[in-house]
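First the proteins, then the strands, lettered A, B, ... as listed; each starts at 1.
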Number of protein chains: 2
Amino acid sequence: MASSRKARLYGGMDAEERRAERRLKLIDAAIEVYGEVGYRGATVKAICEAAELTERYFYESFANSEALLIAAYNHVVGHLHEELAAAAAAGGDDPEARLRAALTLYFTRLKEHPKPARVFLLEISGISPAVDAVKLDALRVFSDILVPPARDPKGSDKGAAATLLSIGMVGAVISIALRWVSKHYPQPVEDVVAIAASFCRVALTEADRRRDLRLL
Amino acid sequence: MASSRKARLYGGMDAEERRAERRLKLIDAAIEVYGEVGYRGATVKAICEAAELTERYFYESFANSEALLIAAYNHVVGHLHEELAAAAAAGGDDPEARLRAALTLYFTRLKEHPKPARVFLLEISGISPAVDAVKLDALRVFSDILVPPARDPKGSDKGAAATLLSIGMVGAVISIALRWVSKHYPQPVEDVVAIAASFCRVALTEADRRRDLRLL
DNA sequence: CAGTATTGACAATCTGTATTGTCAGATAAC
DNA sequence: GTTATCTGACAATACAGATTGTCAATACTG
């Protein structure tokens, strides 16, 4: 009875496990193919061929192309965010150190993985409201890692001005990254980090300045 | 013979004039429709209906959908850039004044025209290499208006660092605008301008600082 | 080994849109 | 009023890709 629960094994794997593996293969293949021809140019067929699977298995794991895009995005970005958070934490309490650590890791990873870089920098805009929502959420996380939201004594979420500062900061960093990637990494990482950091500092100091103005 | 040159008049108009007018109607309709359903959701048919023209006239003026998108983009952005340049010029020699004048005009226009705003803030990314090139060019113009490139004594184009600073600045401004527009203009124009300006100041001061470092 | 679950290849269908073509009716020139 | 030009509606075609369905080959189980 203990083993009757499990489906028949293939290649030493559970039905569940096999399905999970196929899902992963599809995600990896998708990142690869998106990197080559872009999300819009990527057909279900091409992704399945890259994954060495047939369309059938595509629809086993994903309702449609968009679902795979979102899964691929979360796959890549989720992992990156963990790393970034760890790097920032290693920077201790010094905002400047945290910033530099996180940015350095960010641009380093971008350089190591050009294809995922395309997927989540370029491809991910204006596909659909659902995809945009996923992206916005990821950017918010990114922003909070770079410049942790100040603990406002009373209110839960930060003010409208602070939000726009975050948005501007992330917009600057992403735009710089996009350019850097699309030009095939002309400058060394530390130079790009320095430039990006100067924009992040705006968000840090402006937020302080504004809070001071209110409190004084 | 003088009049035999001209084609038959319809509605008091030359063949050329009629064609030009239809072209304009299509561009206006496109901006309208893009604003409603996005470029991707906009079919040739829908745009023609909005323009009160049939598909035939679409292909008379444009080779395909993309050509119309580019035309619409240039139509909107070209006009805006003229205005921005004039506003900046009115700010005289003070970089800060120029910046503020241009940004104020920019965000004011954005608020006045929500639909064109969508077209050239949201819709215009990742459609095709041709469209991206048009956009990049427009952003460069925008950047040069906000912070005119320093007259480097010898070299013609600015250094790599200065380019990334421009890119970051424009990225920040656009991201802020995008958020502001998509949330239906929650803050007054002057507040948004102040925040955007703080990012632009980075590009101004950093560029100076770097030049000083080299010259000293 | 017999039997069944699983897989892979591929055909068939469906859908949506771009693009081209047809034609009758409207408009201006003479 | 007659004729050539232009216009608007719409049909016909072309096409690409998603999604579903079929079936024989294969891999495991007992």
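The main-chain N or O of Arg100(B) is found under 3.5 Å from a side-chain atom of Thr104(B) such that the two form a donor-acceptor pair.
In this structure, CG of Asp14(A) is placed 16 Å from P of dA5(C), rounded to the nearest angstrom. Rounded to an integer number of Å, the gap from CD of Glu49(B) to P of dT17(C) is 12 Å. In this structure, Glu60(A) atom CD and dG8(C) atom P are separated by 10 Å, rounded to whole Å. Between Lys45(B) atom NZ and dT19(C) atom C1' the separation is 14 Å, expressed in whole Å. Atoms CZ (Phe58(B)) and P (dG21(C)) sit 17 Å apart, rounded to a whole Å. In this structure, Leu53(B) atom CG and dC6(D) atom P are separated by 16 Å, rounded to whole Å. Atoms CD1 (Ile47(B)) and P (dT19(C)) sit 12 Å apart, rounded to a whole Å. For the pair Tyr57(B) OH and dT20(C) C1', the computed distance is 15 Å after rounding to whole Å.
Two residues are said to be in side-chain contact when any heavy atoms from C-beta on lie closer than 4.5 Å; Met169(B) and Leu204(B) fail this criterion. At a threshold of 4.5 Å between non-hydrogen side-chain atoms, the residues Leu146(A) and Leu99(A) count as touching. Between Asp191(B) and Leu164(A), the closest side-chain pair of non-hydrogen atoms is not below 4.5 Å.
Residue order along DNA chain C, read from the 5' end via each residue's closest nucleotide, puts Ala63(B) first among Ala63(B) and Gly12(B). Residues Glu55(B) and Arg18(B) both approach DNA chain D. Their nearest nucleotides, taken by heavy-atom distance, put Arg18(B) toward the 5′ side.
For the pair Asp137(B) and Arg140(B), the salt-bridge criterion is met [side-chain N within less than 4.0 Å of a carboxylate O].
One can find a donor-acceptor pair under 3.5 Å joining the base of dT5(D) and the side-chain atoms of Tyr10(B). A donor-acceptor contact under 3.5 Å is not formed by the side chain of Tyr59(B) with the base of dT19(C). Checked by distance alone, Arg56(B) brings no side-chain donor or acceptor within 3.5 Å of a matching partner on the base of dT20(C).
Among the nucleotides dT29(D), dG8(D), dG8(C), the one closest to the side chain of Thr54(A) is dG8(C). Considering only the side chain of Thr43(B), dT17(C) comes nearest among dA9(D), dT17(C), dC28(D). Nearest to the side chain of Arg8(B), among dT29(D), dT19(D), dA28(C), sits dA28(C).
Residue Arg40(A) is out of contact with every strand shown, counting any heavy-atom pair closer than 4.0 Å. Contacts of Arg19(A) with the nucleic acid, taken as non-hydrogen atoms under 4.0 Å apart, are absent.
Within 6.0 Å of CD in Glu52(B) there are 12 or fewer heavy atoms belonging to other residues, nucleotides or ligands.
Checking each of Arg23(A), Arg19(A), Arg22(A) against Glu60(A) for a side-chain hydrogen bond (donor to acceptor under 3.5 Å, both in side chains) leaves exactly one that passes, namely Arg22(A).
Taking five base pairs at each end of the helix from dC1(C)-dG30(D) to dC30(C)-dG1(D), the local helix axes there meet at an angle of 10°, rounded to 10°.
Here the OH atom belonging to Tyr106(A) is positioned 8.5 Å from the NE2 atom belonging to His81(A), to the nearest 0.5 angstrom.
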